[in-house]
K.L.:
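Below is one structure. I have some questions about it.
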Amino acid sequence: MAITSSWRDSYKAMSSDNLKGLCLALSSSLFIGASFIVKKKGLKKAAASGIRAGSGGYSYLYEPLWWVGMITMIVGEIANFAAYAFAPAILVTPLGALSIIISAALAHIILRERLHIFGILGCVLCVVGSTTIVLHAPQEREIESVKEVWDLAMEPAFLFYAAFVLSAVFIIIFHFIPLYGQTHVMVYIGVCSLVGSLSVMSVKALGIALKLTFSGMNQLLYPQTWAFTLVVSVCVLTQMNYLNKALDTFNTAVVSPIYYVMFTSFTILASVIMFKDWDRQSPTQVVTEMCGFVTILSGTFLLHKTKDMADGPGLQTSVKLPKHADECGYSDGGGEGIPLRRQESSRTPRSP
């Protein structure tokens with residue numbers, strides 16, 4: 001009886017807005033996880049007849065399969081957009097772990113990017129960590145006007161964070177990408193994650209404005225609403241561009257978890273600074289949420305190491321090469337992350 005009562009208390013502690021945000025976030029992850037694979041298939045088809053996205057090409061814009069993946073991602077992002085209007089970012093963002101699980105599983109089945117047994121364990125850890133955060137997430141802040149969100153964004157702490165993000169993004173784009181973009185996955189993902197943290201804050205502000213508008217309090221009259229809309233547009237276009245480059249250059253099973261870890265970390269940090277989520281929680285709740293997040297990080301780390309273990313101890317260095325290394329005359333046969341093994345198996349029999 002005590003256990004049942006505890007679960008009932010946990011359920012009742014979650015507001016109706018948080019529950020709506022939870023359902024929307026889960027459906028969003030399903031669509032986004034599947035979209036990674038569909039877009040990846042489109043990028044591969046486009047690369048066969050044009051310049052790869054990782055090399056600066058845009059031939060994927062003429063590939064119908066890429067657009068199917070893009071539409072699927074848009075549907076997921078719309079659900080995610082709505083989720084931020086109802087629930088705090090510290091609840092919604094970590095649920096992106098589900099998209100990693102779906103992406104990794106489909107990559108294993110469709111793209112033949114092998115998922116090791118420890119990768120499965122990583123997926124389980126992601127689910128456990130997400131569940132922990134969901135059960136201890138803060139209630140949504142009561143906001144009655146988009147002007148309140150603007151005032152939060154204009155506070156010195158968040159302005160300092162935004163200035164740091166913009167400076168880091170410009171340095172990465174103009175200095176590090178020309179040097180390391182094709183060999184280090186963290187470069188492209190760093191831009192996506194930093195910009196993403198600002199886009200989520202703007203998406204949340206815009207979502208709140210639309211929610212208030214639909215409830216009868218028109219927020220479209222305020223210039224702040226349109227300012228947040230402009231920020232969202234610029235940030236999303238930037239994310240889409242560099243995420244495409246990362247997906248086309250590196251293995252999906254590596255891009256997805258790293259992107260999730262960095263994006264979630266920066267988003268939670270931005271939300272804590274701007275909306276002061278932890279000010280409404282006890283130290284025990286904050287520590288529990290951090291433990292849940294660390295659990296998710298552990299899961300994504302295992303997913304990242306899965307590729308090395310799947311390729312075998314003697315060939316671990318091959319995964320550090322960009323995927324387009326197999327364009328040197330070797331057929332990848334559908335598997336993209338192990339060019340050295342493909343080369344060897346095409347010339348000599350595999351030893352028992």
Side-chain angles (χ1 to χ4, degrees), residues 28-29 31-40 42-43 52-58 60-61 66 69-70 72-74 76-77 80-81 84 89 92-100 102-104 107 161-162 164-204 231-271 296-297 300-301 303-304 322-323:
S28 169
S29 294
F31 282 106
I32 293 175
S35 74
F36 271 104
I37 306 305
V38 180
K39 287 175 66 179
K40 181 68 172 294
L43 288 169
R52 306 176 66 99
S55 300
Y58 294 92
Y60 60 85
L61 294 175
W66 183 86
M70 194 64 202
T72 305
M73 176 169 280
I74 290 173
E77 292 295 351
N80 200 46
F81 176 92
Y84 282 112
V92 176
T93 307
L95 293 180
L98 180 59
S99 67
I100 296 178
I102 295 171
S103 178
Y161 174 78
F164 165 77
V165 167
L166 293 176
S167 300
V169 166
F170 278 109
I171 291 173
I172 293 173
I173 290 176
F174 293 107
H175 178 69
F176 289 101
I177 284 182
L179 296 176
Y180 307 109
Q182 298 297 308
T183 56
H184 291 72
V185 67
M186 299 293 288
V187 178
Y188 288 138
I189 299 303
V191 174
C192 295
S193 303
L194 288 166
V195 173
S197 67
L198 296 182
S199 71
V200 167
M201 297 302 102
S202 300
V203 162
K204 184 170 180 63
V231 174
V232 168
S233 301
V234 173
C235 289
V236 168
L237 289 175
T238 302
Q239 285 179 265
M240 183 179 69
N241 181 47
Y242 288 100
L243 184 58
N244 281 331
K245 292 178 182 295
L247 283 172
D248 189 56
T249 308
F250 302 97
N251 194 295
T252 305
V254 172
V255 171
S256 297
I258 294 178
Y259 177 51
Y260 170 78
V261 170
M262 294 185 66
F263 172 73
T264 304
S265 300
F266 285 119
T267 299
I268 290 177
L269 176 60
S271 182
I296 296 175
L297 293 182
T300 53
F301 175 77
L303 282 169
H304 174 62
K323 287 188 324 200

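For the numbers below, each heavy atom of this structure counts, side chains included, while hydrogens, waters and symmetry mates do not. None of the values given here were measured: they were computed from a predicted structure. Count residues from 1 along the sequence.
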K.L.:
Rounded to the nearest 0.5 Å, how far does CE of Met73 lie from CG of Asn80?
P.N.:
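Between Asn80 CG and Met73 CE, I get 10.5 Å after rounding to 0.5 Å.
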K.L.:
State which residues pass side-chain contact (heavy atoms from CB on, under 4.5 Å) with Thr93; sequence neighbours excluded, sorted by chain then number.
P.N.:
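Per chain and number, Thr93 pairs via side-chain contact (heavy atoms from CB on, under 4.5 Å) with Tyr84, Ala89, Phe263, Thr264, Thr267.
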K.L.:
Return the minimal non-hydrogen interatomic distance between Phe266 and Tyr161, and the atom names on each side.
P.N.:
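It is O-OH, 3.3 Å.
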K.L.:
Sub-3.5 Å donor-acceptor pair from the side chain of Ser271 to the main-chain atoms of Ile268, do we have one?
P.N.:
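Between the backbone of Ile268 and the side chain of Ser271 there is no qualifying donor-acceptor contact (under 3.5 Å).
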K.L.:
Do you know the tightest heavy-atom contact between Ala246 and Ile189?
P.N.:
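Here Ala246 and Ile189 meet closest at CB-CD1, 3.8 Å.
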K.L.:
State, yes or no, whether a side-chain contact exists between Lys39 and Asn244 at a heavy-atom distance under 4.5 Å.
P.N.:
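Lys39 reaches Asn244 side chain to side chain.
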K.L.:
May I ask you to test the Phe176-Met186 pair for a side-chain heavy-atom distance under 4.5 Å?
P.N.:
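The answer is no; the side chains never approach within 4.5 Å.
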K.L.:
For Ile177, give me all partners under side-chain contact (heavy atoms from CB on, under 4.5 Å), at least two apart in sequence or on another chain.
P.N.:
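Ile177 satisfies side-chain contact (heavy atoms from CB on, under 4.5 Å) with Ile172, Ile173, Val187, Tyr188, Val191, Tyr242 only.
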K.L.:
Between Ser193 and Gly190, is there a donor-acceptor pair closer than 3.5 Å when you use the side chain of the first and the backbone of the second?
P.N.:
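Side chain of Ser193 to backbone of Gly190: no pair is present.
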K.L.:
Closest approach of Cys235 and Leu198, non-hydrogen atoms and distance?
P.N.:
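Answer, listing the atom of Cys235 first, then Leu198: SG-CB, 4.3 Å.
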K.L.:
Treating Ser199 as the side-chain partner and Val236 as the backbone partner, does any N or O pair qualify as donor plus acceptor under 3.5 Å?
P.N.:
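Checking the backbone N and O of Val236 against the side chain of Ser199, no donor-acceptor pair under 3.5 Å is found.
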K.L.:
CD of Glu77 to CE of Met240: how many Å apart, nearest 0.5 Å?
P.N.:
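Answer rounded to 0.5 Å: 11.5 Å.
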K.L.:
Can you tell me how far CG of Leu297 sits from OG of Ser265, rounded to the nearest 0.5 angstrom?
P.N.:
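Reported to 0.5 Å precision, the distance equals 5.5 Å.
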K.L.:
Is Leu243 close to Val255 at the side-chain level, that is, under 4.5 Å between some pair of heavy atoms?
P.N.:
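With C-beta onward as the side chain, the pair touches.
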K.L.:
Rounded to the nearest 0.5 Å, what separation is found between the CD atom of Gln182 and the CG atom of Asp248?
P.N.:
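With rounding to 0.5 Å, CD (Gln182) is 8.5 Å from CG (Asp248).
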K.L.:
Starting at CG of Leu247, measure out to CD1 of Ile37 and round the result to the nearest 0.5 Å.
P.N.:
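One finds 9.0 Å between CG of Leu247 and CD1 of Ile37.
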K.L.:
Do other residues, nucleotides or ligands put more than 12 heavy atoms under 6.0 Å from the CZ atom of Phe31?
P.N.:
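No, CZ of Phe31 has 12 or fewer neighbouring heavy atoms, counting only those of other groups under 6.0 Å.
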K.L.:
How close do Leu194 and Val165 get, counting heavy atoms only, and between which atoms?
P.N.:
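Residues Leu194 and Val165, closest heavy atoms: O-CG1, 3.4 Å.
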